[in-house]
Amino acid sequence: MSETANRPVGRRTFVLGSAAAAGTAALAGPLASTASAASFGYSDDGSNYVVDTGASLVFKVSKTNGDLTSLVYKGTEYQGYGGKNSHIESGLGTSTVTIKQSGSTILISVAHGTLKHYYAARSGENNVYLWTNKADDSVSATRYIVRVKAGMFLNDEPDSYTYAPTTVEASDVFEKSDGQTRSKHYSKLRVIDYDYIGWSTGSVGLYVVRSNHEKASGGPFYRSLLRHQSADGGGLYEILYYGENQTEAQRFGLQGPYVIAFTDGGAPSSALYHANLTTSWADSLGISGYVAASGRGRVAGVGITGRNTAFPYTVGLAGPAAQYWGPARSSDGYFSIPGVLPGTYTLTVFKGELAVHTGSVTVTAGGTTTLNTIAIPSSNDPGNASAIWRIGDWNGSPSGFKNADLMTYAHPSDSRAASWTGNVVIGSGTETSAFPCYLWKDVNSGILVYFRLTAAQAAAAHTLRIGVTTAYANGRPQISVNDWTSSIPSPPGQPSTRSLTVGSYRGNNHTFTYSVPASAWLTDTSRYNVLKINVVSGSGTTSFLSAGTSIDAIDLLI
C-alpha cells in the first residue's frame, strides 16, 4: 500500500460562493461521479439521518447529537474506532438535528447551545462538506475529528504511534524500539504547506480537505496536529482552534467548508482546494454566519521592493475577526488575496517567517483594495545589517541549524537527532549546521562560539544579536564574551504551552541585542575570542522540558 498524505501542495485561498465556478459542475479526477444520481436522497432509520450521495458514499448522522456515525464507501464501513464516532471535539451531547433537501443538495443542521454545525452532500459526489460556527467559548469546539477504523490504511509516518508503545513525554509522545519518536503532533507541515491530509491504499483514498482557516488563529506558519493512527484506529483533524504554542487569541464565527473526501486512491480533486473550491450552491441554504462571494473583497499589491530574492515572501492579513494570507510573486512581489471578509486588517510582509513590514488595509464587500508598491526599508530586515560574522539566516525560523528539520516531526530525544552539544568555530564553513536549533537550560546551555577579530575590530565596541522564534518556560539567552558577562534580559512574550518538544518552533520572533564593550575583546588577534550562550530562567523542569528557546540567527555587527 502507498501512503500519500503528508505532502505539501502549495498555497490555498478559498473563495466562498464565487461566480467563477458555479458549484453545480461535476468534480473532475478521482472524485468524479461514476454512478447515477437517481439514488441521491436521505432517509431516517430512527436513530440517524441516512444520506445517499448517489455516487459511492452513504453516510449517517445521529439525530440525537449530530455525530457522524457511519461512512460507507463502495460498501465498506470506514468510520469509527473504540466505540467512538466522528464529531466536533469529543462530541456535543444532546443537540437539535434537522435535515432538508434543496434540489441537488442535502443539508443537515446541528444546533448545540450557541454552536451551529452543518453537513452537506451534493448529488453524485463522494464528499461530505462541513461548516462549524462557534459563536463564543461557551461550547468547546476546537476540532472536528474523523475517526477511522483500525486496519483500513497502513501508516508509520511521524504522526503515527501504532508501533510505538513507550511513552517519552506526557501521554502523547511515543518511542519505538529503534529510538524513533512518534506523536500526533508531528505533522511536519505548517498550515500554508498543505491543502489536505489523509491516507491512501492505492485504490481508496480518504482525506480531510482543510478550510481556508479564516476564523482560525496563528497565521500561515502555525503548526498543529493533523492526523494520527494508533492500534485502535486513525483520526483526521480539521483544527478550528488549537491553543498549543498559539500566538493569537481565539477567533469566533463560521469556519468552512472543510471536506471529508473519498477518492479512488489518488489525491482529492483540485476542485476542492486552491481558488477552485466554490460553494455558490450553499448561498441560499441558511448556514449561520455564511458570507457569499458577493459579500467579500480582495486585496492586491502591485509589488514589493527591498526583498531578498533568496527567500520566499508571504503577505498576511490579520484582524480580530479573520485571517488570510497569500504568496508574493518571486519576480516582483505581486500578490492577490481574494475572498476576504470586509474589515480593517493588519497587513504583514514576511521574509520566510520573519515580519519585515506591517501596514493597514481596509477591505469592502465586492471591491478590490489595490495597494501601490510596498517598499521594505533596509533597516526592517536584520539580514541587511553588516556583520563581522553571522550564524544562520534572518528568516524567522531555525532552518539550516543542527536538527532543525527533524524537530518538525520528532521529539528532541529521537535517535536520529545529532548531539545537542558541541561548540562552533567561525570560519569553519559549518557554523550554522553545527549550531543546535534549540537551546535548553538543562541540556546544552553554555554552547561556545570561537571567533577571531582584527586589531581594528577588537578596538571597538560591537552589538551582538540573537534572534529567537519561540521560547519555553521563559528561556532566554544570557551571554558572556571572554571575561565579560551581559545582564540577564527580560523574557519576551511567548506562548506558555509546550512547543519545542511537540514539533513547533513558531512563537513570537524576538531579537535580543547585547552591547559588548571594546574591553571585552582579546587584544591578541591570533587568539580566539569565546562567546558563551547560556539559557536562563526560573521556570521549567528538567531535560527537554527545561526552559529553552529556538534560534533564528546569531551575528556580531560591524
Side-chain angles (χ1 to χ4, degrees), residues 6-14 187-196 210 212-213 216 218-224 247 273-275 298-318 323-340 345-359 361 371 373-385 390-401 404-409 432-433 437 467-470 503-509 511 550-553:
N6 265 342
R7 79 177 99 185
V9 287
R11 67 176 287 263
R12 63 188 282 116
T13 304
F14 285 176
S187 65
K188 299 184 183 180
L189 305 175
R190 307 168 302 175
V191 176
I192 198 174
D193 294 329
Y194 76 96
D195 293 309
Y196 53 85
R210 74 165 175 85
N212 67 350
H213 280 216
F221 314 121
Y222 187 67
R223 281 183 165 88
S224 181
T247 59
Y273 53 88
H274 300 301
R298 183 172 74 101
V299 176
V302 299
I304 303 173
T305 61
R307 294 173 298 119
N308 182 335
T309 56
F311 299 90
Y313 283 72
T314 302
V315 179
L317 305 177
Q323 62 171 6
Y324 307 90
W325 54 81
R329 193 161 61 193
S330 59
S331 59
D332 55 9
Y334 167 83
F335 62 91
S336 177
I337 306 175
V340 180
Y345 297 86
T346 296
L347 181 150
T348 304
V349 178
F350 296 94
K351 170 195 175 187
E353 299 183 24
L354 183 67
V356 292
H357 170 83
T358 59
V361 62
L371 304 177
T373 299
I374 295 173
I376 301 174
S378 178
S379 59
N380 282 19
D381 183 348
N384 290 332
R390 177 169 292 141
I391 304 174
D393 295 313
W394 289 95
N395 62 2
S397 81
S399 59
F401 285 89
D405 180 61
L406 179 66
M407 286 303 96
T408 64
Y409 60 92
T432 302
S433 61
C437 62
V468 302
T469 70
T470 195
S504 177
Y505 57 77
R506 176 75 280 126
N508 296 309
N509 292 316
T511 301
S550 169
I551 303 298
D552 179 10

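Count residues from 1 along the sequence. These numbers were taken from a predicted model, which means no experiment stands behind them.
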Taking the side chain as every heavy atom from C-beta outward, state whether [X] and [Y] have any pair of such atoms under 4.5 Å apart.
| X | Y | result |
| --- | --- | --- |
| Leu347 | Ile374 | yes |
| Leu354 | Pro382 | yes |
| Asp393 | Phe311 | yes |
| Phe335 | Leu371 | yes |
| Asn384 | Trp394 | no |
| Arg190 | Glu353 | yes |
| His213 | Trp325 | yes |
| Thr314 | Phe221 | yes |

* Verify side chain to side chain contact (heavy atoms under 4.5 Å, CB included) between Tyr313 and Asn308, making sure each step is shown before the conclusion. => CA-CA 9 Å; Tyr313 283 72; Asn308 182 335; 3.7 Å; yes
Where do [X] and [Y] come nearest, in terms of heavy atoms and distance?
| X | Y | value |
| --- | --- | --- |
| Ala328 | Ile304 | CB-CD1, 3.9 Å |
| Gly339 | Tyr324 | O-CE2, 3.5 Å |
| Tyr194 | Arg210 | O-NE, 2.9 Å |
| Met407 | Cys437 | CG-SG, 3.9 Å |
| Arg307 | Ile376 | CG-CD1, 4.3 Å |
| Pro377 | Ala375 | CD-O, 3.2 Å |

* Asked: Do we see a donor-acceptor contact under 3.5 Å between the side chains of Gln323 and Tyr222?
  ->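 Judged by distance alone, the side chains do not pair up.
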* Asked: Does a donor on one side chain and an acceptor on the other come within less than 3.5 Å for Thr469 and Ser550?
  ->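 Yes.
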Quick one: pull up [atom1] in [X] and [atom2] in [Y] and give me the separation to the nearest 0.5 Å.
| X | Y | atom1 | atom2 | result |
| --- | --- | --- | --- | --- |
| Ser433 | Ile391 | OG | CD1 | 10.5 Å |
| Thr348 | His357 | OG1 | NE2 | 8.0 Å |
| Lys351 | Asp381 | NZ | CG | 3.5 Å |
| Phe401 | Asp552 | CZ | CG | 7.0 Å |

Within the distance-only criterion (no hydrogens, no angle test), does the side chain of [X] pair as donor or acceptor with the backbone N or O of [Y] below 3.5 angstrom?
| X | Y | value |
| --- | --- | --- |
| Arg223 | Lys188 | yes |
| Tyr505 | Gly396 | no |
| Arg390 | Gly383 | yes |

